[in-house]
Amino acid sequence: MKGYRVWYSVEVQSLKPPPEKILSISCPAQSATVMEVEIINPTTEHLTFDILIEGDGLRGESELSLTAGQKKMYQLVYSPAVIGKSNGSLIFQNKVVGEFWYKLNLSSKSPGPTVLPHMECELGKWSRQFVTLSNPTEETLELIPSCSNTNNFTIDIEYDNKIVLAPNSTIEVPLQFMPSSLGQSNHTAKVAFTCHQLGEWVFIASGTGLTPAPLDPVSVSATLHSNTSLLIPFRNPTNETVFVDVVLTDNTDFLHANLDHLEERNQINPDSAFCLLLKHSTNIQLGPKATLDVPFTFVPGNMRLHEALCVVSIRRIDNSDWLYEMPVDPNHPYGRRYADKADYRSGMKQIRWIYPIHGIPESLPVIDQGAKISCQARSRIEEYLEVSLTGAVPSSATGYRPIRTRSITPEDLQRSKTEGVIVGEGNKITEEFSYRLIYGSEEEEAGMKHSVSLTLVKKVRDKLTGIVNLVFNVIYAPFKVMRYDVL
């Protein structure tokens, strides 16, 4: 009888050994923490461990080498993207010593508050900074913004309900600061963005109100020996009712001088080309955030540049001082204004705004021929339309051509502006303009409505002349032969 062999198939089921230790790691979302784990080589040989990491938000080296008897600290980084609790594993494998592992209890809470850079702004103006929000996850975050101090800080977004942050993306949210008093006062706010993945994402904002500096010139033009009028809207930026005093002077030496007792020391020249039209120019009571329109006329009698100053002062109803916390740095550029040349340790009696006025006479009125845009039917043309505003405040156009087209904007002329003057009720600013196309008839509107697109892309104010230029992007794509005039 010949010998024979029998083969058996053996299935081995190996269970994971108990963990060497249970480690707990806690870290706020959107940040990182490091945990060190001590590893020992108990043999007399050089060992290299393969390392397996299981768990969301965990990372570390995939290999670890140790010489005979060596101890080494292995660094495990935990960087959670969302809040919540979960489990993980840190596994070390080697053919000689086998496998051992650590169980990880992971916990992530809402991100800690982030302190934003301190903001500074003149009283009556606004300044802006950007809050950076990053989403490193594969989920879409729907953030609900909120602000604890809407009187001084505004989250400047198009939609009030939520901010949608796409996966693996970053956005910058503009935060606008508008001081309501001098110094730091109560200019602090908790700005939060809330979603279920992160909980409450908090930023701490703060700011300082500075004494006003002279504003950009208000330019007004009129033909020789004729008159034109202009309104300067002054908005009370404080949270209390005040007395307002208005002075119009053609003595521009006061622009860089101390303005104490201006009302007593100066009266406008009777032959001046400017005239203030307020019935009462002193002790005008103005409520918080309310607006006072200051009207004046310009009647040039000769062909030269006419200059004047409109000085608007506010006083408290009870005649108490405006407290002002001076900057710690004595060389701070905004540390001492024209109104605090003296030692105002107890505060200031008045806060003043200076509006320089430039009156420009014209020999002949400017006749605007408008802008002409031509394009073949079933084609498309895109041009920039520049409009110079007349009567815009805090600046207005002079005798320049008010409207023209051009192809591109040179890069060296493109500039952004991060502060402006507040006018009107609420938080309206002068850089915000509304616009629309006006058609001559319903037939023209039907023919042009789907052929022309108008978008405001840039707003520039020349600081020397005070002229406001609006740049529109015009897309004209007529589907048939047509000729229309629109406003």
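All figures in this text were calculated on a predicted structure; none of them were measured in a lab.
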Given side chains that start at C-beta, do those of [X] and [Y] come closer than 4.5 Å, heavy atoms only?
X: Val164; Y: Thr140; value: yes
X: His187; Y: Ser181; value: yes
X: Val191; Y: Leu175; value: yes
X: Asn473; Y: Glu383; value: no
X: Trp353; Y: Leu215; value: yes
X: Leu276; Y: Val246; value: yes
X: Pro217; Y: Tyr355; value: no
X: Ile232; Y: Phe296; value: yes

If only atom types and distance count, is the side chain of [X] paired as donor or acceptor with the main-chain N or O of [Y] below 3.5 Å?
X: Lys125; Y: Met178; value: no
X: Asn135; Y: Leu165; value: yes
X: Lys289; Y: Pro237; value: yes
X: Ser272; Y: Phe274; value: yes
X: Gln129; Y: Pro174; value: no
X: Asn236; Y: Ala290; value: no
X: Ser148; Y: Lys190; value: yes
X: Tyr435; Y: Leu456; value: yes
X: Thr114; Y: Phe203; value: no
X: Arg315; Y: Lys349; value: no

Let me confirm one number: the [atom1]-[atom2] distance from [X] to [Y], rounded to the nearest 0.5 Å.
X: Ile317; Y: Asn283; atom1: CD1; atom2: CG; answer: 9.0 Å
X: Cys275; Y: Leu248; atom1: SG; atom2: CG; answer: 8.0 Å
X: Leu278; Y: Leu292; atom1: CG; atom2: CG; answer: 6.0 Å
X: Ser127; Y: Glu122; atom1: OG; atom2: CD; answer: 10.0 Å
X: Leu143; Y: Ile157; atom1: CG; atom2: CD1; answer: 9.5 Å
X: His306; Y: Arg304; atom1: NE2; atom2: CZ; answer: 4.5 Å

Are side-chain N/O atoms of [X] and [Y] paired as donor and acceptor at under 3.5 Å?
X: Ser110; Y: Glu200; answer: no
X: Asn239; Y: Asn151; answer: yes
X: Thr238; Y: Ser180; answer: no

Would the number of heavy atoms belonging to other residues, nucleotides or ligands and lying under 6.0 Å from CG of Asp56 be above 12?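 No, CG of Asp56 has 12 or fewer neighbouring heavy atoms, counting only those of other groups under 6.0 Å.
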Glu172 atom CD, neighbour heavy-atom count above 12 within 6.0 Å: yes
List the steps, then state whether side-chain contact (heavy atoms from CB on, under 4.5 Å) holds for His118 with Gln184. CA-CA 10 Å; His118 188 75; Gln184 296 186 6; 4.2 Å; yes
[X] versus [Y], closest heavy-atom pair with distance:
X: Ile204; Y: Pro113; result: CG1-CB, 4.1 Å
X: Leu305; Y: Gly359; result: CD1-O, 3.6 Å
X: Thr228; Y: Ser221; result: CG2-O, 3.2 Å
X: Arg316; Y: Phe243; result: O-CD1, 4.3 Å
X: Ser226; Y: Pro300; result: O-CD, 3.3 Å
X: Cys121; Y: Pro179; result: O-CG, 3.6 Å

Walk me through it: do Trp322 and Ile314 pass the test side-chain contact (heavy atoms from CB on, under 4.5 Å)? CA-CA 10 Å; Trp322 299 98; Ile314 63 172; 4.0 Å; yes
Could you walk me through whether Ser206 and Thr188 pass the side chain to side chain donor-acceptor pair (under 3.5 Å) check? CA-CA 4 Å; Ser206 61; Thr188 58; over 6 Å; no
Verify side-chain contact (heavy atoms from CB on, under 4.5 Å) between Ile351 and Ser313, making sure each step is shown before the conclusion. CA-CA 6 Å; Ile351 304 175; Ser313 307; over 6 Å; no
Trp126-Phe177 aromatic ring centre distance below 6.0 Å: no
Pick from Val312, Thr291, Ile284: which one makes a side-chain contact (heavy atoms from CB on, under 4.5 Å) with Phe234? Val312
Val218 and Leu230: side-chain contact (heavy atoms from CB on, under 4.5 Å), yes or no, with the steps? CA-CA 9 Å; Val218 176; Leu230 189 66; 3.3 Å; yes
